[in-house]
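Step one of this worksheet: look at the structure below.
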Amino acid sequence: MAWTFPTALFFTIIAGLLILFTWLAIRFPETPRKGILGITTTRGDRLFISLLGSAFICLIWLGLIGMPLWGGLGCALIYAAAVFRWV
């Protein structure tokens, strides 16, 4: 993998999210909740589900439409918001 600016930015954002969610877990402990999928999730679980789903959305976008990826990113952000709201 080439360490370009977008690659470094991607991993920096992921590391920042992990640090933020660790801080949130320490500062504001949460009880797991049961959402629309019927599974008990925490903030970290929902982050993982949204990142995994976003990767698949972007891959499908690339396969069907191609570049640029802005539309896929928009769909992924909407998906992530829905995951954090209802899952």
Side-chain angles (χ1 to χ4, degrees):
M1 172 174 37
W3 281 98
T4 61
F5 177 73
T7 304
L9 182 64
F10 172 77
F11 283 109
T12 302
I13 290 172
I14 297 298
L17 283 171
L18 290 174
I19 291 168
L20 172 68
F21 275 61
T22 301
W23 178 78
L24 284 172
I26 293 169
R27 182 77 169 119
F28 306 105
E30 90 169 316
T31 56
R33 68 177 190 194
K34 191 177 239 183
I36 196 169
L37 294 178
I39 58 174
T40 305
T41 60
T42 62
R43 284 185 206 110
D45 298 331
R46 290 188 295 274
L47 175 65
F48 178 74
I49 291 168
S50 65
L51 288 174
L52 191 61
S54 296
F56 283 113
I57 289 170
C58 288
L59 285 174
I60 290 169
W61 185 276
L62 280 173
L64 295 177
I65 297 172
M67 295 297 281
L69 199 55
W70 294 112
L73 178 63
C75 293
L77 289 173
I78 292 169
Y79 168 76
V83 166
F84 273 92
R85 174 67 178 105
W86 291 300
V87 173

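Bear in mind the structure is a predicted one, so any value in this text is a computation, not a measurement.
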ILVMFWY cluster, Leu77 and Trp86 together (side-chain gap under 4.5 Å): no
Arg43 to Phe28 - nearest heavy-atom pair and separation: NH2-O, 3.1 Å
Shared hydrophobic cluster for Leu64 and Ile57 (ILVMFWY, side-chain gaps under 4.5 Å): no
Same apolar cluster: Leu20 and Leu47, side chain cutoff 4.5 Å: yes
Cluster link Phe84 to Leu17, ILVMFWY, side chain under 4.5 Å: yes
Pairwise distance CG(Asp45) to CG(Leu37) - rounded to 0.5 angstrom: 11.5 Å
Interatomic distance, Cys58 atom SG to Phe56 atom CZ [nearest 0.5 angstrom]: 11.5 Å
Close side-chain approach of Pro32 and Thr41, heavy atoms under 4.5 Å: no
Where Arg33 and Arg85 come nearest, the two heavy atoms and their spacing: NH2-O, 3.6 Å
Ile36 with Ile49, same ILVMFWY side-chain cluster at under 4.5 Å: yes
Flag side-chain contact, heavy atom, 4.5 Å: Trp23 against Ile19: no
Side-chain donor/acceptor of Trp61 to backbone N/O of Pro68, under 3.5 Å: yes
Whether Phe11 and Trp3 hold their rings parallel, tilted or perpendicular, with breakpoints at 30° and 60°: tilted
Smallest separation among heavy atoms of Thr12 and Ala8, with atom names: OG1-O, 2.6 Å
Validation row: Met67, Leu62 side chains within 4.5 angstrom (heavy atoms): yes
Nearest-0.5 Å distance, OG1 of residue Thr42 to CZ of residue Phe21: 9.5 Å
